[in-house]
Protein chains: 2
Amino acid sequence: MTPRSPRPRDRGIPEATVARLPVYLRALQGMAERGTLTISSEDLASIAGVNSAKLRKDLSHLGSYGTRGVGYDVDYLVYQISRELGLTQDWTVAIAGVGNLGRALANYGGFGTRGFRIAALFDADLRVVGDEVAGLVVRHIDTLEDVVGSEDVAIGVIATPAVSAQGVCDRFVEAGVTSVLNFAPVVLNVPPAVDVRKVDLSIELQILAFHEQRKADGQAPPEAGWIDATEKT
Amino acid sequence: MTPRSPRPRDRGIPEATVARLPVYLRALQGMAERGTLTISSEDLASIAGVNSAKLRKDLSHLGSYGTRGVGYDVDYLVYQISRELGLTQDWTVAIAGVGNLGRALANYGGFGTRGFRIAALFDADLRVVGDEVAGLVVRHIDTLEDVVGSEDVAIGVIATPAVSAQGVCDRFVEAGVTSVLNFAPVVLNVPPAVDVRKVDLSIELQILAFHEQRKADGQAPPEAGWIDATEKT
DNA sequence: AGGTGTGAAGGCATTCACAGCA
DNA sequence: TGCTGTGAATGCCTTCACACCT
């Protein structure tokens, strides 16, 4: 009696794994371009900056795509990860706020090597509206609802000043956007069905400052070789 | 016989807590500006987008700064968190790469409401070197070592193209920088004494795409109210 | 031999629930 | 009475170590 749609596999991929898949994907795409056909978990892990056990466990959540004694087929793994991340289809993106940051984002060419299409840029400043940025004409923010509807925007990027962020977010959500990437330094309030990810420069700097202070205090520099950066992230 | 420097308190603050302190700090600074004197864990947690138990446990790692039956003194807590994060001193920052993103970062005024000072901007492009950006003259990348040394730069921000990022990072590290904030889409290799944090647009988008696909597949929209964004981050 | 896939163990982080203090 | 501070419980993530397959 329980309504169940037929689910092929377990689909329960841990969030921590999801966050690393894009890193693996980028590394693999680099390998593919250089003509590498197969790669071991050891080697891929080293490039991606994680340890090999973690990499294998991560990949095992997608299925058994490796060959014992050999490794993983690069192209095949690129495809499987892309599919799992939902990159075999294109997602439509709209950016609100065409200041320095908004421009930087709009011009950021290889949007993760395809998978995303910028459909519109919005701004409230009439001196900016009408300008051409990254091949798009900047629209007035009041056309947001129309455009999100007609272009079927899935992801809204907020690059506005802090004070405008919640308002713009509300409008995105009201118009049907279910994923938001927030660059404004505020905590956004959204319904549970909407996903929000945030990128916050000053938070990152403050975290670094904390560790900087630690290093300055008790001077215990554990100097002993080189490690990969993502290990700590 | 074990060499021990005298440690006042336990200083062992969990990394997850450190990452949230800046959020609390920002919320508290907002309260302080609006003249609020005290705040309960419940209210502060709600503003910061976490639950109150987590907030209390986080703050308890700094000490017992609350008053039972009352709440926390806003100004006092602002000070304690600032001190813990190392924001009572100024950290010197240098930005490498003055493209769209580098400009956006340089112009990002309230660098977390003080605590950070941009000492220099570097670029390899001679058409950019000499330009004035955010009140600073862009220097050639080859002066990096000199400036980092003379200005005592603690934090290096990498806003260069991907191909240049590791090279610039190496130069920062070699010159004595021990914290790096990386905006380039590459995994940086650094010695263990150096902290790296990364900000990666395409990774964030890909994570959103994954969840977007999930929502589209099994259409089980858990509609039931509003929550705070940071809960999921 | 060589390298994947995975049960089991260990370590962190979150949440609960309440003792204890103002 | 009201709200903080915290042991205890729970759950998630990482790491280990090795069985198993090619």
Side-chain angles (χ1 to χ4, degrees), chain A residues 9-21 23-24 28 31 36-74 76-77 80-81 84 207 210 227-233, chain B residues 9-21 23-24 28 31 36-74 76-77 80-81 84 207 210 227-233:
Chain A
R9 218 183 315 109
D10 173 32
R11 251 75 194 38
I13 298 181
E15 195 54 35
T17 296
V18 173
R20 282 187 295 267
L21 289 179
V23 179
Y24 305 153
L28 286 164
M31 304 299 301
T36 308
L37 297 180
T38 66
I39 190 165
S40 70
S41 66
E42 196 73 48
D43 291 351
L44 179 53
S46 156
I47 294 171
V50 301
N51 72 44
S52 61
K54 191 188 283 183
L55 173 71
R56 285 199 303 278
K57 176 126 335 203
D58 282 343
L59 294 185
S60 76
H61 287 114
L62 314 191
S64 275
Y65 298 146
T67 307
R68 292 169 198 236
V70 179
Y72 300 89
D73 181 283
V74 172
Y76 187 54
L77 202 47
Q80 290 298 344
I81 295 178
E84 199 64 56
I207 294 170
F210 172 84
I227 65 160
D228 273 314
T230 36
E231 276 298 2
K232 305 187 199 170
T233 310
Chain B
R9 218 182 316 109
D10 174 30
R11 253 71 193 46
I13 299 180
E15 193 56 34
T17 295
V18 172
R20 281 187 295 266
L21 289 178
V23 178
Y24 305 152
L28 287 164
M31 305 298 301
T36 308
L37 297 180
T38 64
I39 189 166
S40 70
S41 66
E42 198 72 47
D43 291 351
L44 180 53
S46 155
I47 295 170
V50 301
N51 73 46
S52 62
K54 192 188 281 183
L55 173 71
R56 288 200 301 279
K57 173 93 46 180
D58 282 343
L59 295 184
S60 77
H61 287 115
L62 314 190
S64 276
Y65 298 145
T67 307
R68 290 164 199 240
V70 179
Y72 300 90
D73 181 283
V74 173
Y76 187 55
L77 203 47
Q80 290 298 344
I81 295 178
E84 198 65 57
I207 294 170
F210 172 83
I227 65 160
D228 273 314
T230 36
E231 275 299 0
K232 307 187 196 167
T233 311

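A note on names: the letters A, B, ... follow the listed sequences, proteins ahead of strands, and every chain is numbered from 1. The figures that follow rest on heavy atoms only: side chains count, while hydrogens, waters and symmetry mates do not.
Between atom CG of residue B:Leu77 and atom CG of residue B:Leu62 there is a gap of 7.5 Å, rounded to the nearest 0.5 Å. Taking CD of A:Glu84 as the start and NE2 of A:His61 as the end, the distance is 11.0 Å to the nearest 0.5 Å. Atom CG of A:Asp58 sits about 11.0 Å away from atom CZ of A:Arg56, to the nearest 0.5 Å. Atoms CG and CD1, on A:Leu21 and B:Ile207 in that order, are 9.0 Å from each other to the nearest 0.5 Å. Atom CG in A:Leu44 sits 7.0 Å away from atom CG in A:Leu59 (nearest 0.5 Å).
Distance A:Glu42 CD to C:dG2 C1': 12 Å, rounded to the nearest Å. Whole-Å rounding puts the B:Asp58 CG to C:dT14 P distance at 7 Å. C:dG3 atom C1' lies 9 Å from atom OH of A:Tyr72, rounded to whole Å. The interatomic distance linking A:Leu44 (CG) with C:dG3 (P) rounds to 14 Å, in whole Å. If you measure from atom CG of B:Asp43 to atom P of D:dT4, you get 9 Å, rounded to the nearest angstrom. Protein atom CG of B:Leu59 is 13 Å distant from nucleotide atom C1' of D:dC3, rounded to whole Å. Between A:Ile13 atom CD1 and D:dT14 atom C1' there is a gap of 18 Å when expressed in whole angstrom units.
Scanning all heavy atoms of the two residues, the minimum distance from A:Ser41 to A:Leu55 falls at O-CD2, 3.2 Å.
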For nucleotides 9-13 of chain D, tabulate all protein N/O to nucleotide N/O atom pairs closer than 3.5 Å, reporting atom names and distance.
none

Identify each atom pair where a protein N or O and an N or O of nucleotides 6-8 of chain D are less than 3.5 Å apart, giving names and distance.
from	atom 1	to	atom 2	distance (Å)
D:dG7	O6	B:Lys57	NZ	3.4

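Taking side-chain N and O atoms only, B:Tyr65 has no distance below 4.0 Å to OP1 or OP2 of D:dC3. Within the structure, every side-chain polar atom (N or O) of A:Asn51 is placed at least 4.0 Å from both OP1 and OP2 of D:dT14. Residue B:Ser41 places at least one side-chain N or O closer than 4.0 Å to OP1 or OP2 of D:dT4.
Side chains of A:Thr38 and A:Asp73: no donor on one and acceptor on the other come within 3.5 Å.
No option in B:Tyr72, B:Tyr76, B:Tyr24 other than B:Tyr76 meets the ring-ring contact (aromatic ring centres under 6.0 Å, His included) test with B:Tyr65.
For B:Thr67 (side chain) and B:Val70 (main-chain N/O), no donor-acceptor pair under 3.5 Å exists by modelled atom type.
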